[in-house]
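Note that the coordinates shown come from a computational prediction; the quantities given were computed from them, not determined experimentally. What you see below is based on every heavy atom in this structure, not just the backbone, and it leaves out hydrogens, waters and symmetry mates. Each chain gets a letter, A, B and so on, in the order the sequences are listed, and its residues count up from 1.
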Amino acid sequence: MDFPFLNELNESQQKAVTYTDGASLVIAGAGSGKTRVLTYKIAYLLQTGMAPGSILALTFTNKAAREMKERIADMVGINTARYLWMGTFHAIFSRILRSEAEHIGYSKNFTIYDSADSKSLVKSIVKEMKLDDKLYKHGVVQSRISYAKNNLITPDAYLGNTDLLKADNASRVPLIKDIYKIYCNRCKQADAMDFDDLLLQTNVLFRNHPDILNKYQNIFKYILVDEYQDTNFAQYLIVKKLAELHEKICVVGDDAQSIYSFRGANIDNILQFKNTYKNAQVFKLEQNYRSTKTIVNAANSLIDKNSKQIKKTVFSEKEVGKPIKILSVFTDYEEGFVVANSIADLRHSQNYRFQDIAILYRTNSQSRVMEEALRKQNTPYRIYGGLSFYQRKEIKDVIAYCRLICNPNDEEAMKRIINYPARGIGETTVNKLIDCAQLHAVSAWDILNDMLKYNLAVNAGTANKLAQFRAMIDIFAEQIPTQNAYDLVNSIVKTTGVISDTYIDRSPENMSKQENVQELLKAIHEFCEAKQQAGESIALLPDYLAEISLLTDQDTDKETDKDKITLMTVHAAKGLEFKAVFIVGMEEELFPSPFCTQSERELEEERRLFYVAITRAEERCFISYSKSRFKNGKTNFSNPSRFIRDIDEQFLDMPVEAKPKQARIGDWDDDVEIERNRFNKLAFSKPVIDDNFTAPIPKRLVKIESTKETKIPTTNSSIPVGAFVKHSMFGIGKVLETSTVDGNEKADIDFGEKGRKSLLLKFAKLEVLN
DNA sequence: GTATAAACACTTTTT
DNA sequence: GTGTTTATAC
């Protein structure tokens with residue numbers, strides 16, 4: 001067949017694209033053109049005459065779906081591409097669930113609870129049950145419930161699952177089973193589904209209604225799944241059921257990049273694909289087009305240490321490139337400084353733009369020191385992750401009004417705004433309301449609608465306030481079918497006074513909140529415009545809510561973020577690529593995360609995470625570790641990550657304890673100058689005290705000798721409490737307390753303006769002032 | 001019921 | 001160190 005784009009693919013890619021007879025698995029090594037295969041395959045299917053409405057393509061992020069759709073639109077035209085069923089699992093199946101809602105006892109406009117709503121609901125249930133929230137931590141409860149749902153274990157099935165019950169008993173949380181049951185009832189009562197429900201309920205729908213399953217089996221003539229290694233059991237089963245009839249399915253993934261098992265992803269789905277689909281063809285994409293030979297080989301040598309994997313040989317035909325540089329520093333502060341300096345060097349020597357460079361870390365909290373260092377050099381950066389637009393308080397408040405108006409049963413939305421802005425409905429009243437609703441097995445809204453009937457025990461004044469609140473929501477609700485979303489939200493914001501407390505002063509925080517709400521209104525306006533252009537007479541608020549409930553911050557990229565350094569977690573970096581990548585904080589107790597060192601299985605996932613990090617780099621890769629790090633308000637000491645040793649040494653440029661760099665004369669301000677001196681002193685000198693760097697030591701200054709790794713704890717510190725010491729950066733301070741941590745002497749010192757610091761004598765260059 | 005301060009927790013997180 | 005939640009006084 002004549003497919004004009006075929007020559008743009010290599011041989012194995014071509015084979016994967018043109019095989020459409022049955023099930024196929026494409027094992028795509030990092031940087032091997034996975035997305036390319038998916039997009040070309042869809043274009044190819046369309047070329048064979050398949051209708052776009054018959055193709056289902058599932059991804060894990062909105063961004064991936066959008067980008068793929070754009071690329072296909074470029075090949076076949078937007079008017080074909082727009083009819084593709086392309087989106088995230090959650091988006092596609094929430095769409096199906098809405099249109100089939102009546103069959104599973106939900107309404108078309110059900111609410112989607114985000115993780116904050118789930119958290120809040122879990123916490124209130126634990127409280128209502130009078131359980132100890134030290135034991136029943138919301139995170140634990142949430143993850144158990146999520147685990148159950150992802151594995152299609154209903155509350156009733158949970159009661160019969162001895163393994164789960166035993167595990168809960170062993171963890172001293174035997175009542176998870178009851179919390180789970182109540183949680184589900186409450187969601188149902190609120191006409192709400194959490195993220196996991198979207199997959200669970202789809203399975204319920206298909207299980208209980210074979211006719212509906214059959215309808216979709218016939219609609220979807222070809223199914224494609226991206227990032228298959230990240231699917232959980234619920235997703236696996238949906239796909240399996242839909243593909244059962246024709247087995248026209250193609251899944252793409254890389255077992256070496258499976259990093260979401262903590263969210264229920266089951267790597268066995270991809271490892272066992274050939275058992276699920278007996279006649280499946282397997283295609284391997286092994287040529288990496290992204291990275292240098294060194295980076296690919298280094299990554300290979302790392303992932304080789306994992307036992308569970310599909311055999312493949314990823315190779316690169318690009319140049320050998322430079323070895324991976326390992327940077328060793330003494331504090332997290334210096335790490336930022338070294339990275340920022342290296343970035344400046346790269347820009348000068350390699351002509352890299354900011355957007356070519358990324359700093360990747362294991363945890364979001366590491367972004368701060370990096371941020372500070374970059375800011376000092378006036379280096380533009382953009383941090384991904386953290387609080388997203390939709391998670392900001394002011395936005396959530398406005399959205400909560402919208403949610404409650406569209407679905408008055410939405411308990412979490414109601415709790416948020418029933419007394420915001422304050423209208424005299426306090427905690428006790430809300431508790432009474434919810435207790436009463438539980439007692440009668442109805443929603444809180446039902447109680448509000450007939451407080452007398454349900455005997456809500458509140459005084460007349462409170463009852464009046466509740467009635468007023470109900471009336472206000474009702475008035476807005478009545479306007480839903482006639483008002484467009486923008487006008488309605490505008491009047492909500494104006495009349496409810498959700499953001500009135502931001503008008504009390506013109507502080508930057510308040511101004512920013514107002515701007516954010518304006519931004520939200522703008523987005524709703526754009527939504528309405530788009531609907532109008534699509535030929536719809538009116539854009540309704542429930543449709544807008546349905547659209548945004550599955551959006552994340554990554555879906556709101558701004559033009560102003562063009563040429564900037566990227567800072568993000570390794571997880572967030574999956575699927576991206578940069579000319580140069582800095583992987584920071586490569587230390588034990590951080591990467592691998594201490595929560596993941598218990599089992600080999602978890603450790604292998606951490607190793608895959610590191611693999612993902614390295615393979616983001618096209619040309620240069622830097623790995624840094626610090627010997628101490630400020631964490632949760634304390635300084636911790638750490639060793640280089642075991643994973644560094646997993647990389648074949650021939651690909652590494654290990655730190656040399658070299659001569660100090662020639663100080664450069666430049667436009668450094670004093671602060672940076674001090675920093676650099678400090679860094680040079682510490683990083684390039686093996687002994688803690690190096691006379692080359694210290695100006696002739698006045699007699700009255702006594703050097704503190706480093707205490708080598710003594711295993712015997714010492715009570716008498718070589719530095720007396722109450723003494724005054726001098727630090728190269730913090731200046732003069734008073735010793736408040738000394739202690740020994742893991743054989744290392746530590747001193748808590750008050751540096752006055754610079755604050756209280758906890759320093760390890762081994763590293764901190766201190767001079768005792770006599 | 002509301003405003004403040006102390007206490008508290010704190011991986012990763014496509015949806 | 002930071003943001004959130006709970007305890008306390010008003």
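Rounded to a whole Å, the CD atom of A:Glu547 is 15 Å from the C1' atom of B:dT15. Atom NZ of A:Lys137 and atom P of B:dT11 are 10 Å apart (whole Å). Put simply, CG on A:Asn266 is 20 Å from P on B:dT14, counting in whole angstrom units. Computed from coordinates, the A:Glu606 CD to B:dT12 C1' distance equals 8 Å when rounded to whole Å. Atom-to-atom, CG of A:Leu58 to P of B:dT15 comes out at 14 Å; the value is rounded to the nearest Å. Between the CG atom of A:Asn431 and the P atom of C:dT6 there is a distance of 12 Å, given to the nearest Å. Summarising the geometry, the separation between CG on A:Leu550 and C1' on B:dT15 is reported as 6 Å, rounded to the nearest angstrom. Atom CZ in A:Arg362 sits about 16 Å away from atom P in B:dC10, given to the nearest Å.
The cationic atom of A:Lys188 (NZ for Lys, CZ for Arg) lies less than 6.0 Å from the six-membered ring centre of A:Tyr106 and within 45° of the ring axis. Seen from the ring of A:Tyr420, A:Lys393 counts as a face-on cation partner, given the 6.0 Å and 45° thresholds. Geometrically, A:Lys241 does not engage A:Phe206 in a cation-pi contact, judged by NZ or CZ lying under 6.0 Å from the ring centre and within 45° of the ring axis. Judged by a 6.0 Å distance limit and a 45° cone about the ring axis, A:Arg98 is positioned over the six-membered ring of A:Phe110.
In summary, the side chains of A:Ser120 and A:Glu412 do present a donor paired with an acceptor at a separation below 3.5 Å, with no hydrogens or angles considered.
Closest to the side chain of A:Arg368, out of B:dT15, C:dG1, B:dT12, is C:dG1. Nearest to the side-chain atoms of A:Asn419 among the listed nucleotides B:dT2, B:dT13, B:dT11 stands B:dT2. Between B:dT15, B:dA9, B:dT11, one nucleotide has an atom nearer to the side chain of A:Ser593 than all others, and that is B:dT11. Distance from the side chain of A:Thr428 is smallest for B:dG1 among the nucleotides B:dT12, B:dG1, B:dT14. In this structure, the nucleotide among B:dT13, B:dT14, C:dT5 sitting nearest to the side chain of A:Phe60 is B:dT14. Of the candidates C:dT2, B:dT12, B:dT15, B:dT12 carries the atom nearest the A:Thr569 side chain, counting heavy atoms from C-beta on. Closest contact between the side chain of A:Asn364 and the listed nucleotides C:dG1, B:dT15, B:dT13 involves B:dT13. Closest approach to the A:Lys119 side chain among B:dT14, C:dT5, B:dC10 is made by C:dT5 (side chain taken as heavy atoms from C-beta onward). Comparing atom distances between the A:His138 side chain and each of B:dC10, B:dT13, B:dT15 picks out B:dC10 as nearest.
Between A:Arg423 and A:Cys596, the one whose closest nucleotide on DNA chain B sits nearer the 5' end is A:Arg423. A residue-by-residue look at A:Lys134 and A:Glu605 shows that A:Lys134 has its nearest nucleotide of DNA chain B further toward the 5' end.
Glycosidic conformation of B:dT12 is anti; the angle lies outside 90° of 0.
Using a 4.0 Å heavy-atom cutoff across all strands shown, A:Gly633 reaches at least one base atom of the nucleic acid. Among the atoms of the strands shown, base atoms are found under 4.0 Å from some heavy atom of A:Tyr260. Using a 4.0 Å heavy-atom criterion, one finds that A:Lys127 contacts no nucleic acid atom at all. Across all strands shown, A:Ser94 has no heavy atoms under 4.0 Å from either base or sugar-phosphate atoms.
Residue A:Thr59 places none of its side-chain N or O atoms closer than 4.0 Å to OP1 or OP2 of B:dT14.
You'll find the ring centres of A:Tyr384 and A:His571 outside the 6.0 Å limit.
Here A:Phe262 counts as stacked on B:dT12: its ring centre is under 5.5 angstrom from the base ring centre and the planes meet at under 30°.
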